Each structure stands twice: as C-alpha cells, then as structure tokens.
Trainee: 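Submitted below is the structure of interest, expressed as structure tokens.
Heads up: numbering here begins at 1 and tracks the sequence. All values below come from the heavy atoms of this structure, side chains included, with hydrogens, waters and symmetry mates left out. Since the model is a prediction, treat every value here as computed from it, not as a measurement.
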Amino acid sequence: MYKVAYLSSFALLFVFVFYTTLTPAIASTPLSIYPPEANPYGLSYSEYAQNFWKWLLSIPADQNPIDDTTGENCMVGQTNTNSSVFYLSAGAGKMERTCTVPAGKGLLIPVMQVEISDKELPGASVQDLANAAKKDQDGVNSLYLMIDDKEFTYNDLLKYRTHPTEPFQAIFPDNGIFGVTEGGPSQVVADGFYVATEPLTPGNHTVHFKSSLSCPDVGCVEPAFAQDVKYNIIVK
C-alpha cells in the first residue's frame, strides 16, 4: 500500500514539473500603478514626463520606438542606464509590440502625451510652447489602460494628467522625429497622461493603452490624434 502511494505521488510530481517546464511564466497578479500624487522611485510624474521626452526625442527617426510596429526598437536608449523605469513608447494608430524588459524596473506608460519644442515651432516663447501643449491635451476625449486583466477607464485616468511641465532642454539628433532634420538642443514643454507601475518581477505582462483627442481650432498641434498600442512584456 505504501509503495503504491509513493509511486502515485512521484508520478504526480513528475507531471507537475514536466508541465511547468513547458508552460511560459505568467504574471500571477496584475501590476499596481502609483497614484498621481506619488513620487515613484523618487521622482514626480512631471519629472517622468520630462525624462520620457528627453529619451524619445534623442533617438533618430529611423531607430525611434514611436514608429516601431513590432517592438524591435523598444530597448533603444534604454540599455545600461540607471533609470528605475522602462519607457513604453507612444505610437499613432494601432500596433502591437513585444518587448523584453529587465526585472526590477517599473514601467512608464504614456497613455496620452504631447511635447512642443522650439525645434518644431521656431521662435516660439516658452509660454507659446506651454499654451500649445495645454490646448492640445485639453482636447483629449478618450483614455483607456489595461494591465494584464486590470482595467482603468477614462475617469480613472483623468487625474493622471501632467499639466504643462516646466520647460526643459532636450537634445534632438540629426534626422529626428517630428520633422526635425537638424539636431541640437531645444526648449521643450510637455503635457499628457502618464502612469508608472510598481517594479516588474520575472514573467509575462500585457499592457494595452488607447487614447484620442480632437482639437480643430486654429493653433492646435494636430486636429485629431488616436493611438491604440498593445505591449506583450517579457520580464527577465
């Protein structure tokens, strides 16, 4: 009797171990996000908005994650850094990306975003930049975020708006994004809705964010904009 029981237990253990070695690691619980008044990893959301744009604007257009439809460029500018967060990128239209992210970092998610620089508006004052950024984001009419199986609706995300940041300097490369062909330093102001998550543990996560805006008035950066971006995150 005892020998049969022992063999059965062993068989069950073998099946369990064999099955788990073939099954991808899945995150057991959805990632939590930090509230808008928090200072995740010691920085405010306004500071994260600035750092997000310093990162994204510094990458040439042909390598920039903003136009990446697969995720192959998601690591550009993010290797060997001491940043506590890994930046996900915005992207006009609908796209799905797969990206491997180091364990221990949080995610910075640009649910909706804008920056205005004097590279794009030559001769504009800082106040002109702030006014343009605010006008653009005042037109936001939809916001959605899903992390694993946890959803955040428009009303949940409204409080995450980072109103026009303090002006900051970003360095554009030659042949940068947004039509900037000649690189160099630029004054920038950012606005938008940014969300930071808790640190990642090894496993898989899905992040899906959607947003849109309508700004048809004179002086708007874009009369309409929409993004629908899904990330399949592999954490190692």
Trainee: Search all heavy atoms of T165 against all heavy atoms of S46 and return the closest pair with its distance.
Mentor: CG2-OG, 3.6 Å
Trainee: Residues two or more places apart in sequence or in another chain: which of them pass salt bridge (charged side-chain N to carboxylate O under 4.0 Å, His left out) with D191?
Mentor: R161
Trainee: Is a donor from one side chain sitting under 3.5 angstrom from an acceptor on the other, for E47 and S44?
Mentor: yes
Trainee: Quick one: which of I109, L143, L145, V195 gives a side chain to side chain contact (heavy atoms under 4.5 Å, CB included) with F152?
Mentor: L145
Trainee: Can you name the side-chain hydrogen bond (donor to acceptor under 3.5 Å, both in side chains) partners of Q187, sequence neighbours left out?
Mentor: none
Trainee: Run the side-chain hydrogen bond (donor to acceptor under 3.5 Å, both in side chains) test on N141 and S214 for me, step by step, so that the C-alpha distance in whole Å, both residues' side-chain angles and the decisive distance to 0.1 Å come before the verdict.
Mentor: CA-CA 7 Å; N141 51 32; S214 176; 5.0 Å; no
Trainee: Going by the salt bridge (Lys or Arg N to Asp or Glu O under 4.0 Å) test, which pairs reach into residues 211-224, not counting sequence neighbours?
Mentor: K135-D217
Trainee: Anything under 30° is parallel, anything over 60° is perpendicular, the rest tilted; go ahead and classify F209 against Y231.
Mentor: parallel
Trainee: Starting from I234, walk the hydrophobic network (Ile, Leu, Val, Met, Phe, Trp, Tyr; side-chain heavy atoms closer than 4.5 Å) and list everyone else you reach, by chain and number.
Mentor: none
Trainee: Output every pair passing disulfide bond (SG atoms under 2.5 Å apart) with a member in residues 145-203, not counting sequence neighbours, ordered by first then second residue.
Mentor: none
Trainee: Should we count CD of E182 as having more than 12 external heavy atoms under 6.0 Å?
Mentor: no
Trainee: Tell me, please, which residues at least two apart from Y45 pass ring pair (Phe, Tyr, Trp, His ring centres under 6.0 Å).
Mentor: Y160
Trainee: Check salt bridge (charged side-chain N to carboxylate O under 4.0 Å, His left out) between K134 and all other residues, then give those that pass, not counting sequence neighbours.
Mentor: D138
Trainee: Return the orientation label for the Y48 and Y41 ring planes: parallel under 30°, perpendicular over 60°, tilted otherwise.
Mentor: perpendicular
Trainee: Run the side-chain hydrogen bond (donor to acceptor under 3.5 Å, both in side chains) test against N51 and tell me which residues pass, sequence neighbours left out.
Mentor: none
Trainee: Residues in side-chain contact (heavy atoms from CB on, under 4.5 Å) with D67, at least two apart?
Mentor: none
Trainee: Residues two or more places apart in sequence or in another chain: which of them pass side-chain hydrogen bond (donor to acceptor under 3.5 Å, both in side chains) with Q113?
Mentor: Q227
Trainee: Just to verify, what does T206 make a side-chain hydrogen bond (donor to acceptor under 3.5 Å, both in side chains) with, not counting sequence neighbours?
Mentor: none
Trainee: Apart from V218 itself, what residues make up its hydrophobic cluster when side-chain heavy atoms of I, L, V, M, F, W and Y under 4.5 Å apart count as a link, directly or indirectly?
Mentor: none
